[in-house]
Every structure is written in C-alpha cells, then in structure tokens.
Undergrad: 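One structure follows; several queries about it will come next.
Within every chain, numbering begins at 1; the chains are lettered A, B, ... in the order of the sequence lines, protein sequences first and strands thereafter. Just so you know, these numbers come straight off a predicted model, no measurement behind them.
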There are 2 protein chains.
Amino acid sequence: MRSSTIYDVAQAADVSTSTVSRAFSAPDRVRAATREHVLETARRLGYQPNPHARALVSRRTQTVAMVVSDITNPHFFELIRGAELRAKASGYTLVLVNAEESPRIELEQIQRLTRSVDGFLLAASRQPAENLLQLAATQKVVVVNRRVPGLASVVLEHAEGCRQMVSHLASLGHESVVYLAGPQNSWMAASRWAAIRAAAAELGVHARRMGPFTPTVASGGAAADAALTTDATAAIAHNDLLAIGVLRRLADRGVRVPADVSVVGFDDIFAADLCTPTLTTLGGAHADVGRAAVELLLTSMDQYREQAPQLVVPSELILRRSTGSARTSDLSDR
Amino acid sequence: MRSSTIYDVAQAADVSTSTVSRAFSAPDRVRAATREHVLETARRLGYQPNPHARALVSRRTQTVAMVVSDITNPHFFELIRGAELRAKASGYTLVLVNAEESPRIELEQIQRLTRSVDGFLLAASRQPAENLLQLAATQKVVVVNRRVPGLASVVLEHAEGCRQMVSHLASLGHESVVYLAGPQNSWMAASRWAAIRAAAAELGVHARRMGPFTPTVASGGAAADAALTTDATAAIAHNDLLAIGVLRRLADRGVRVPADVSVVGFDDIFAADLCTPTLTTLGGAHADVGRAAVELLLTSMDQYREQAPQLVVPSELILRRSTGSARTSDLSDR
DNA sequence: CAACATTCTGCAACCCTTTGCCACGCCCCC
DNA sequence: GGGGGCGTGGCAAAGGGTTGCAGAATGTTG
C-alpha cells in the first residue's frame, strides 16, 4: 500500500504537481480557492510530503542535531528538553548525538550528519576553537555553554555567578578555596577558573586550582583527596556530579561538611537537592539555554547576521547545606 | 561550494555512477581493483553520499526514532544512552522524541516521523494496544517496557522483582502494603500492580492500590498523604521519582522512614542512592534494555520473523535504607 | 475595447542515488 | 569452434518533490 504522493493529489485535485507543492510551501502563490481545494484533497488522500524528496531539492531537512559531550550527565537533560520543545514548536526534529566525552567521536558524528541536518547545537564542545570555526564555515552552528569569537552562542552566566559564589564563601570566613577543575579541553572549566580567580583576588581570598578531573561522581574521590592535601576550607567542584562524588568521599573519610569543609557545585542538577548534605550550587534555567540555542539556530537559517549573537542566560546561586562557616582550627588538629 | 556528488566521482574515476554506487553499497558486485580505484577517488574528492537521495530510492533512512513518555524522567537516561550507543554502532542515527506524557503528542510526533525513520522504539508508550498494532502494520516497531501481543518488545523483568519486593517487606514483618500507582494508561503500572497483588496474596500480605499518580517528585506529596490514610506500613511507589516525593512529604510530616513507614521505588535512578534515606528500589540494566530494543529493531528490518520476540532483561532488587522492620504500634499512637 | 499589468498555474528540468535489466568479454566445456 | 555461464559494468528509469520560466487567465486603466 504505497502512500500517496504529490502526483496522486495533483491528479485528484485536477491541478499540476507544482500547484500542490505551492499550496503547501508557498500558500500566497496560489489562489485561495485553489489552495483550499488542494489542501482538502490532500487531507482526503492522507497525503504527507516525503521529507527526503523535499530535502533533496530544497536542501532543508527540518532537522537539527544537538551534540552533547556526555549524554549521561543529568545537567544536559534540561538543556535537551528545552531544545527539543523549541525545535518541535517550529516543526523541527531534534537529533541527539552523544560525544562520549571524546573530541574524536564528536567530530566523526558531526561529519556523518552534515548532510542530514540543517544545523548543529554544540553543547560543551571539546573541540578546539579552530575546528569549530572551520565547521561553521560550511554549517550553521550554535555553541552552547561555550563562547567562540565569531560564532553564535548561548551560555549560562557564570562569571558573576562565580563571583557570588566566592563572595558567599568569603562572607562565611573562608580564606582559602580550591577549584576542582573540569576537563582540560573544556572551555567552561577554564572560564570558571578565571572568574573564580579574579573574584578571589578581589576579595582577598586565596584560590588554587587542582585537576583536571572528569566531571563524574566517580572522579569525586580523587578530587576530594586532592582538596584535602591543601589548607583550603572550601572546595568548588566543576559540576554537581563531581561535587557529589566529593561529598561521598569526604563522608567516607570522616570529614564533616560543611563544618570542616564547604563544598559547592555547578548546574543545580536534580540530585543536588537530594544528596547529604544538600548541595550549594550555581543553577539557572538550563531549559532556557536549550530553547534560546535552537531559536538562534533557526533564525540564523533564514536571515543573515552581520555579527554572531552571543546570548547569556542568567544564573542563580542556590544556597543549600553544603556550605557554612569556615573551620577555625586546622583539620589535622581535630 | 557544492559538495561532490556521485557524478563527480564517476567522472574522476572514469566509470559510471552505478559502479560508484555499487562500490559503496554492494562491494562484491564490482571487481576489487575497480572498487579500490573508486573508493580512493571518492576519498580524494571528499565524497559523502547524500542521505536523502539515498533514502528517496532505497527507502532506508539509517535512522530510528525513540519515543519516550517524558524526557525529563532520569530513568530514561540510561535507556536512551544504551539505544544511542547501539544505534551508532550500526551506523544508525537516533532521533529522540518526547511525548510529554501526552498520548496525543506521542501519536502526532510518530505520524510526523513515519517517512523519515526506519522504525520506532516506543518506550513506556501510553497508547492503547490497538493503536500500536495499527502502527506496527505499516512501521517497524519495538515497544519498550511494555508488552503487546504480536509486537516485538523488551521489558525489564518486574513480575519476579515485585515478588521479591513484597517478600522482602513481608520478611520485615509488613502485613499491609500500599501500591502508589502510576498513570492510568501505563501498562507498567497495571502490570506491576498485578504482580504485587499476586505476590501479596501468596505471602499473606494485604495489598491495596491508590492513585493513579503522575510519576514525578511533585506528585509524591499527594501519594504520601494518600498512603497515610491507610494502615499500610510500607508504600511501593510506581517509580523512584514518586518515591522520592513520598520520602520528602513523609519527612515534612514527621513520619520516620523506615521506622514508621517503609518506602520502595522502581528504576534505581541515580538519585535513589542520594536521597535521605537512600531508597530501596527495583533496578536493572536499563542501558541493556535500550541496546536490546535497537537490536531487535535492526534485525527486524532485514529479516522476517514469524513470531515477534519478547525479550526480558533481568532486574535486581537494590536494598537500601528506606525499608526496615514494620512498626508494631499504630502510627497515630506515637 | 485595446493595451498593459498582475496573478495564477503548468511545463520541465533538476536534486542525487539506487537498481532492474541488458550487453559485453571471457572462460570453460562439449 | 560455437554455445552456455559467469563476472562486470553501463544505461536509464525511477524515487517524490521544488522552482525558474513562460504562458494563460484575470483585472486594470485609458
């Protein structure tokens, strides 16, 4: 039972295929009465345009790809959800691609899809900037939670957020903090460290960086141990997963949080409000980030922009139980 | 800069387009030397077949769609991940579709995609069985965590799991349990209740069902309150999200878990090990479920099967802190 | 009513591959 | 030496739309 084509509709409506085509994709190029008649016939025949035939000539696939560095990171869920919803609202389909934290896989997957999608959303891309620029020369690209000069981007605000974070710790008496850094090639990791360092300097707090660490719960053990080799009274983990891993390890080692050490994370994932103690973290409307990114991508498809827009979605410091006053005595004296 | 087509390659390699096509998709229809030459030329020209042109005639898109009832449910993460990985391994792309817990949206999205994908993975579908059968008449379909006579399916074992769960509670002295049910149209909810009821009857435990509840943390409040209107000493929540909501509400109301009430969930989501108390739950290798589902779908595409296979992936009862001995006195006496 | 402008609509080429069918050359065998 | 079979490769027809161009129909104006 072959499904009906544009020919069937044309024949049934007694017009040419071009008229049928236009009735759908250029409604004002055909008289209202004719259009109605065609659409009605199409409906009656259950006609649905074949997306591949359409894509073949129009070079529009009505599909966008979202590449995430690690699909298992809960932080991306909201991002994906926002993007999916927004895409659907414009009749676009979202293809999800997992880079598995590997720049090579990321690139391979992108190559593979260049012909089948209209554009890419690159979330937390691990590619060097030049690769991205090169890609953007032939594809529509929006980078998410990363900024690359010349590329459209959406990031969750974090410079000011980091400042607030350090300031929050400073006000609790912390004089030495450690940043447990994310992956080497993560723009976010570098950017956060820069913001933390600047804020620390300004507030007279000593800040150091350790790592890099893979942003997973499993890596939290090593991160916690590293943090404990320092005199820092507060640890800022690259993300909530890492922070939760740190909390676990500290509990195992009998270090009290926040009495002995304060811990903060980034992302405000669902679990941050469940772990013990609950986690102070820099959150924000991740779904909005995803939504905005798709929006940027879609508008960039049908209008040329002199300058690539760089959007910033506000963040919010969520205070929970993992931060408290700095301990006054040395940890080893306890 | 138009990218190179099969014509360019054919011309450069001095063969016909059919030979180029066959060099790629039917390697043994062309002499080894010719094939090498063609492939080399293609490589040199950076030729990549246009997936749409290919799909148009071959009717194969190398894409499968996965429809989930709610993309924000962490339980699906592993499922999605397993499916994505398996699909990628066979050169397939995974399209993710969110049904937002709405049967209507679910159906619309499926319709929209019928022409652009080779098959559907329907996870926790909320459609009535007849809709699914009808869909399966024209599309390749594998249902996940649901069983429909006549359709290929993969489910995480839960009948035996529910038995273990009830048995675990019975051994702790619980004589009355309540099942806080999932959505009305969820096959899983019905199936779990049947298993729980059977096990309870067998073990001499009183079981009742309340609900339905939307399987979210937010609904946990109502579910907990409902549970407290009964004399049940243990609550089995439809999934971990609901269970976590229940835990929260119980804590707010000063009901101790597990001293006063035991709580168990399903899925073993990441957060189940983080909440307070940690949650006893029926877990399993969800990624395997996703993997198996894709596998079933892919094999069903190139080989006819008399009988639709129904796979069952083993589950595992994870004992944590939310279950303990049944209280001996009435809750209101406390 | 003629001349011209404006909408509509149809023709036909094109988008890029796949694939059924046929032709060719070669080897083998009788 | 002629015929059959097999391994290769080419021809050309899809596959289902979109779109530039031009002709037809309709409307406007003087």
Side-chain angles (χ1 to χ4, degrees), chain A residues 1-39 41-42 45-63 91 112-118 301-302, chain B residues 1-39 41-42 45-63 91 112-118 301-302:
Chain A
M1 190 204 81
R2 204 178 97 283
S3 48
S4 57
T5 73
I6 203 170
Y7 294 102
D8 305 331
V9 177
Q11 190 169 6
D14 200 28
V15 294
S16 75
T17 61
S18 9
T19 303
V20 178
S21 172
R22 284 195 271 259
F24 280 94
S25 44
D28 42 342
R29 290 274 288 105
V30 48
R31 206 190 341 156
T34 319
R35 187 197 323 144
E36 268 320 306
H37 176 216
V38 168
L39 293 181
T41 314
L45 266 54
Y47 167 72
Q48 275 196 300
N50 180 316
H52 295 109
R54 180 176 271 187
L56 190 53
V57 41
S58 70
R59 294 167 175 295
R60 283 294 196 82
T61 65
Q62 302 285 103
T63 299
R112 222 174 68 73
L113 287 174
T114 46
R115 307 298 269 279
S116 8
V117 303
D118 290 341
M301 318 229 306
D302 38 35
Chain B
M1 190 204 82
R2 204 178 96 284
S3 48
S4 56
T5 73
I6 205 171
Y7 292 105
D8 305 331
V9 177
Q11 188 169 6
D14 201 27
V15 294
S16 77
T17 59
S18 11
T19 304
V20 177
S21 173
R22 285 196 270 259
F24 279 95
S25 44
D28 41 343
R29 284 277 284 110
V30 49
R31 204 186 343 154
T34 319
R35 187 195 327 143
E36 267 321 304
H37 176 215
V38 168
L39 292 181
T41 313
L45 264 53
Y47 166 72
Q48 277 197 298
N50 180 318
H52 296 108
R54 178 177 275 188
L56 190 54
V57 40
S58 71
R59 295 167 175 294
R60 282 294 195 82
T61 64
Q62 302 285 105
T63 300
R112 223 175 66 73
L113 287 174
T114 46
R115 308 298 269 278
S116 8
V117 303
D118 290 341
M301 319 231 306
D302 39 35

Undergrad: Grab the CG-P distance between B:D14 and D:dG9 for me, whole Å please.
TA: 12 Å
Undergrad: Give a yes/no on whether any side-chain N or O of A:S16 is located under 4.0 angstrom from OP1 or OP2 of C:dG10.
TA: yes
Undergrad: Mind calculating the distance between OH (B:Y47) and C1' (C:dC16) to the nearest angstrom?
TA: 8 Å
Undergrad: If I take atom CZ in residue A:R59 and atom P in nucleotide C:dC14, what distance separates them, rounded to the nearest angstrom?
TA: 14 Å
Undergrad: Would you indicate which nucleotide in D:dG10, D:dG17, C:dA12 comes nearest to any side-chain atom of A:V57?
TA: D:dG17
Undergrad: What's the verdict on side chain to side chain contact (heavy atoms under 4.5 Å, CB included) for B:T63 and B:S116, showing C-alpha distance, side-chain angles and the deciding distance?
TA: CA-CA 8 Å; B:T63 300; B:S116 8; over 6 Å; no
Undergrad: To the nearest Å, give me how far apart CZ (B:R115) and P (D:dG15) are.
TA: 13 Å
Undergrad: Please state how far atom CD1 in B:I6 lies from atom P in C:dT17, giving the value in whole angstrom units.
TA: 5 Å
Undergrad: Kindly indicate whether the side chain of A:S58 and the base of C:dC15 share any N or O donor-acceptor pair separated by less than 3.5 Å?
TA: no
Undergrad: Tell me whether the OP1 or OP2 atom of D:dT18 has a side-chain N or O from A:Y7 closer than 4.0 Å.
TA: no
Undergrad: Over all heavy atoms of both residues, which pair between B:A42 and B:F24 is shortest? Give the atoms and the distance, please.
TA: CB-CZ, 3.8 Å
Undergrad: Specify the separation, in whole Å, of atom CG of B:L56 and atom P of D:dG15.
TA: 9 Å
Undergrad: If I take atom CZ from residue A:R115 and atom CG from residue B:N50, how far apart are they, to the nearest 0.5 angstrom?
TA: 5.0 Å
Undergrad: Just verifying a value: how many Å separate B:T34 OG1 and B:D14 CG, rounded to the nearest 0.5 Å?
TA: 11.0 Å
Undergrad: Give the rounded distance in Å between these two atoms: CZ of B:R60 and C1' of C:dT19.
TA: 15 Å
Undergrad: Does D:dG10 have OP1 or OP2 sitting under 4.0 Å from an N or O in the side chain of B:T19?
TA: yes
Undergrad: Backbone N or O of A:R54 within a donor-acceptor pair of the A:S58 side chain at under 3.5 Å?
TA: yes
Undergrad: Around A:Q62, counting heavy atoms of other residues, nucleotides and ligands shown, do more than 12 lie under 6.0 Å from its CD?
TA: yes
Undergrad: Just how far, in rounded Å, is C1' of D:dG17 from NE2 of B:H52?
TA: 13 Å
Undergrad: Distance-only, no hydrogens or angles: does the B:T41 side chain make a donor-acceptor pair with backbone N or O of B:A13 under 3.5 Å?
TA: no
Undergrad: Which ones in residues 20-38 of chain B lie close to DNA chain D, meaning a heavy atom under 4.0 Å from one of its atoms?
TA: B:R22, B:R29, B:V30, B:R31, B:T34
